Amino acid sequence: MRLLFVCTGNLCRSPLAERLATAWAAEALAGSPEAAEVSVASAGLDAVEGRDMDPEAAAALTALGGDPAGFRSRVLTAELAAEADLVLTMTRDQRRSVLEVNPRGLRRTFTLLEATDLLNRADLGGVFLSPVRTRAVDLALRLDAARAGRASGSGDDIADPIGRRPEVHAATARTIEVALRPLADVLFTSVRTHLPALVPA
């Protein structure tokens with residue numbers, strides 16, 4: 001499973017989502033070989049390579065239980081976008097920009113808030129029986145199938161908090177956390193916890 005989060009500078013929103021997802025995957029799949037099948041990354045459309053997380057964003061991440069240590073920003077490339085099983089951007093403009101560098105990625109590229117809303121509309125039957133290594137591919141197809149009847153709008157955007165007060169960073173972090181949590185619950189639930197239900201008593 002290869003997840004990619006994208007924002008503008010790869011300093012606030014996308015690294016926060018990356019590190020939250022990384023922490024939740026490690027927690028959910030602790031002790032399982034499935035943990036090694038999860039790769040989470042982030043990048044920025046207009047990033048400068050090698051920068052630390054924004055200090056205010058890092059503080060907001062830490063408050064939510066994530067760890068900013070060792071993070072370094074990187075620029076989105078066509079290769080990164082093409083290799084990802086599921087790409088989650090912070091705004092609709094960023095989604096369009098990702099598709100400009102990877103036009104074939106439409107069915108697996110969403111804004112984070114869009115994906116969360118589609119999760120409530122999608123057919124998730126049997127999704128937890130997909131191997132973790134292919135779960136993101138499976139989920140992306142289900143989200144894409146649910147997208148036909150949904151209009152995208154400004155409510156799908158998470159504004160950039162760079163240069164804003166700590167309270168703004170905290171609110172942005174909370175928005176990302178709430179949106180990402182249900183997706184993470186689907187992506188990182190071990191198939192092992194669902195197999196006993198298939199075994200006759």
Side-chain angles (χ1 to χ4, degrees), residues 1-26 28-29 33-54 57-58 61 66-116 118-119 122 127 130-147 152 156-158 160 162 176 179-180 183-184 186-188:
M1 177 193 302
R2 293 165 296 185
L3 305 180
L4 178 65
F5 296 96
V6 177
C7 68
T8 302
N10 196 213
L11 297 176
C12 299
R13 293 165 292 176
S14 60
L16 192 144
E18 173 199 326
R19 291 305 176 96
L20 282 181
T22 299
W24 293 341
L29 299 172
E34 296 165 304
E37 298 173 340
V38 176
S39 171
V40 185
S42 65
L45 292 161
D46 192 27
V48 175
E49 293 278 349
R51 295 179 62 183
D52 294 338
M53 271 189 81
D54 176 87
L61 169 63
D67 184 4
F71 175 82
R72 295 294 181 271
S73 60
R74 61 177 171 175
V75 177
L76 178 74
T77 63
E79 290 75 17
L80 277 174
E83 291 170 358
D85 298 321
L86 179 61
V87 180
L88 297 171
T89 71
M90 298 298 135
T91 70
R92 292 165 296 152
D93 283 345
Q94 291 161 6
R95 182 184 61 198
R96 284 190 288 269
S97 295
V98 169
L99 293 175
E100 287 175 2
V101 300
N102 183 40
R104 300 181 65 180
L106 177 62
R107 300 188 71 187
R108 49 192 167 85
T109 304
F110 309 84
T111 74
L112 174 59
L113 294 179
E114 173 191 24
T116 301
L118 289 170
L119 190 68
V127 69
S130 298
V132 166
R133 67 180 178 277
T134 61
R135 184 86 50 83
V137 173
D138 186 7
L139 181 61
L141 292 175
R142 293 166 186 255
L143 296 179
D144 182 65
R147 183 156 50 181
S152 182
D156 289 337
D157 295 342
I158 298 175
D160 192 351
I162 192 79
I176 292 171
L180 184 55
L183 292 164
V186 173
L187 291 168
F188 306 140

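Here the structure is a predicted model, which means the values were calculated and not measured. Note that the numbering runs from 1 along the sequence shown for the chain.
We find the OG1-CG distance between Thr116 and Leu88 to be 8.0 Å, quoted to the nearest 0.5 Å. Atoms CD and OG, from Glu83 and Ser39 in turn, are 9.5 Å apart once rounded to the nearest 0.5 Å. Rounding to the nearest 0.5 Å gives a distance of 9.0 Å between SG of Cys12 and CD1 of Ile176. Within the model, atoms CG of Leu16 and CD1 of Ile158 stand 9.5 Å from one another, a figure rounded to the nearest 0.5 Å. A distance of 11.0 Å separates OG1 of Thr134 from CG of Leu139, quoted to the nearest 0.5 Å. Summarising the geometry, atom CD1 belonging to Ile162 is positioned 5.0 Å from atom CG belonging to Leu11; distances are rounded to the nearest 0.5 Å.
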| task | Evaluate the side chain to side chain contact (heavy atoms under 4.5 Å, CB included) criterion for residues Phe5 and Val40: first the C-alpha distance (whole Å), next the side-chain angles of each, then the deciding distance (0.1 Å), finally the verdict. | result | CA-CA 8 Å; Phe5 296 96; Val40 185; 3.7 Å; yes
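In this structure, Leu80 and Val101 have side chains that are not in contact, with every pair of non-hydrogen atoms separated by 4.5 Å or more. Between Leu3 and Leu86 the shortest side-chain heavy-atom distance falls below 4.5 Å. You'll find the side chain of Asp67 stays beyond 4.5 Å of the side chain of Thr22, heavy atoms only. Proximity of Leu143 to Glu114: side-chain heavy atoms (C-beta onward) are nowhere separated by under 4.5 Å.
The two atoms that bring Ala17 and Leu180 nearest to each other are O-CD2, 3.5 Å, heavy atoms only. In plain terms, the two heavy atoms of Phe188 and Trp24 that are nearest each other are CD1-C, 4.2 Å. Among all heavy-atom pairs drawn from Phe110 and Arg147, the shortest one is CD2-NH1, 3.3 Å. Listed here is the closest heavy atom pair of Leu187 and Met1: O-CE, 3.2 Å. Of all non-hydrogen atoms in Arg72 and Asp52, the two that sit nearest each other are NH1-OD1, 2.7 Å. Annotation for Glu18 and Ser42: closest pair OE1-OG, 2.5 Å, computed over non-hydrogen atoms.
Evaluation of the salt bridge (charged side-chain N to carboxylate O under 4.0 Å, His left out) rule for Arg51 yields no partner, not counting sequence neighbours.
Side chains of Asn10 and Ser14: a donor on one and an acceptor on the other come within 3.5 Å.
Here the options are Asp160, Asp54, Asp157, the test is salt bridge (Lys or Arg N to Asp or Glu O under 4.0 Å), and the partner is Arg13; only Asp160 passes.
Within the structure, side-chain hydrogen bond (donor to acceptor under 3.5 Å, both in side chains) contacts touching residues 102-112 (residues at least two apart or in different chains) are Arg107-Asp144.
Not a single donor-acceptor pair under 3.5 Å links the side chain of Asp46 to the backbone N or O of Gly9.
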